[in-house]
Amino acid sequence: MAQADLQLQRATLTVSDMNRSLNFYRDLLGFTVSGDARYDTPALRAMFHIPAGTTPRLVLLDASADQPRALALVHAEGLTVDREANARNAPALVLNPTTLDQIMDRRVAAETRVIVPPTPLNDFSGTPFGREAMVLDPDGVRIVLFELLVSPDE
């Protein structure tokens, strides 16, 4: 099978409240804002069903220096986000934090719902190799925090 000639640019999520989502992604998880503007394109409007007569706000978030604009958040007046459907059906966003315990401590103040507390993970042979936890963002999107305990080279 041939390898795809592509690179993932970013994940983009619609949010019901930009400030609440920024508190979650920036302040709780540690993303940094690299762009924040009213921004409108035909593709953005079609992808996210932006209501007529509104201009969406697009916030670009860097995960690290090596991952600029890894995540984008989109909000527009009148845009609906079904939090319950997200919590039941939305795909998960998997992140690899270096500070899982700190995030779990901070999430208490952020009133973030925990679906799975930090849990040890074993590889297929039974050898421990990491931990994972799952929380919900303010719009019900599942966020899996996957912490690798050993370097893949070890």
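Quantities reported herein were computed from a predicted structural model and do not represent experimental measurements.
Between S21 atom OG and L73 atom CG the span is 6.0 Å, to the nearest 0.5 Å. In this structure, OG1 on T12 lies 6.0 Å from CE on M47, to the nearest 0.5 angstrom. Distance CG/L136 to CZ/R83: 5.5 Å, rounded to 0.5 Å. Note: D36 CG to M18 CE = 6.5 Å, rounded to the nearest 0.5 Å. Here the CG atom belonging to L60 is positioned 10.5 Å from the OG1 atom belonging to T32, to the nearest 0.5 angstrom. The distance from the CD1 atom of I143 to the CG atom of L29 is 6.5 Å, given to the nearest 0.5 Å.
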For this session: Evaluate side-chain hydrogen bond (donor to acceptor under 3.5 Å, both in side chains) for S125 paired with D123, printing each intermediate quantity in order.
Result: CA-CA 5 Å; S125 70; D123 65 17; 2.7 Å; yes
For this session: For L28 and R107, run side chain to side chain contact (heavy atoms under 4.5 Å, CB included): C-alpha distance rounded to whole Å, both residues' side-chain angles, the deciding distance at 0.1 Å, then the answer.
Result: CA-CA 7 Å; L28 177 65; R107 65 101 198 141; 3.9 Å; yes
Problem set entry | Step-by-step side chain to side chain contact (heavy atoms under 4.5 Å, CB included) determination, L13 to Y25 | CA-CA 11 Å; L13 302 173; Y25 286 100; 3.3 Å; yes
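Nearest heavy-atom pair across P56 and V74 is CB-CG1, 4.1 Å.
At a threshold of 4.5 Å between non-hydrogen side-chain atoms, the residues N19 and F24 do not count as touching. Residues L22 and V33 meet the side-chain proximity criterion, which asks for heavy atoms closer than 4.5 Å. Taking the side chain as every heavy atom from C-beta outward, E147 and T98 never approach each other to under 4.5 Å. Counting heavy atoms from C-beta outward, L79 and T14 have side chains that approach closer than 4.5 Å.
Proximity of a side-chain donor or acceptor of T99 to a complementary backbone N or O of Q102 within less than 3.5 Å is not detected. Remark: the backbone N or O of T55 is paired with a side-chain donor or acceptor of R38 at under 3.5 angstrom. Using a distance-only test at 3.5 Å, with no hydrogens or angles considered, a donor-acceptor pair links the side chain of H75 to the main chain of V15. Checked by atom type and distance alone, the side chain of N96 pairs as donor or acceptor with a backbone atom of F146 at under 3.5 Å. Remark: side-chain polar atoms of D137 are paired, donor with acceptor, to backbone N or O of V141 under 3.5 angstrom.
Applying the 6.0 Å contact sphere to CZ of R69 captures no more than 12 heavy atoms from other residues, nucleotides or ligands.
The pair R45-D40 meets the salt-bridge criterion, with a side-chain N (NZ, NE, NH1 or NH2) lying under 4.0 Å from an Asp/Glu carboxylate O. Here R131 pairs with D101 in a salt bridge; the nearest charged N to carboxylate O distance falls below 4.0 Å. Remark: D139 engages R20 in a salt bridge, criterion side-chain N to carboxylate O under 4.0 Å.
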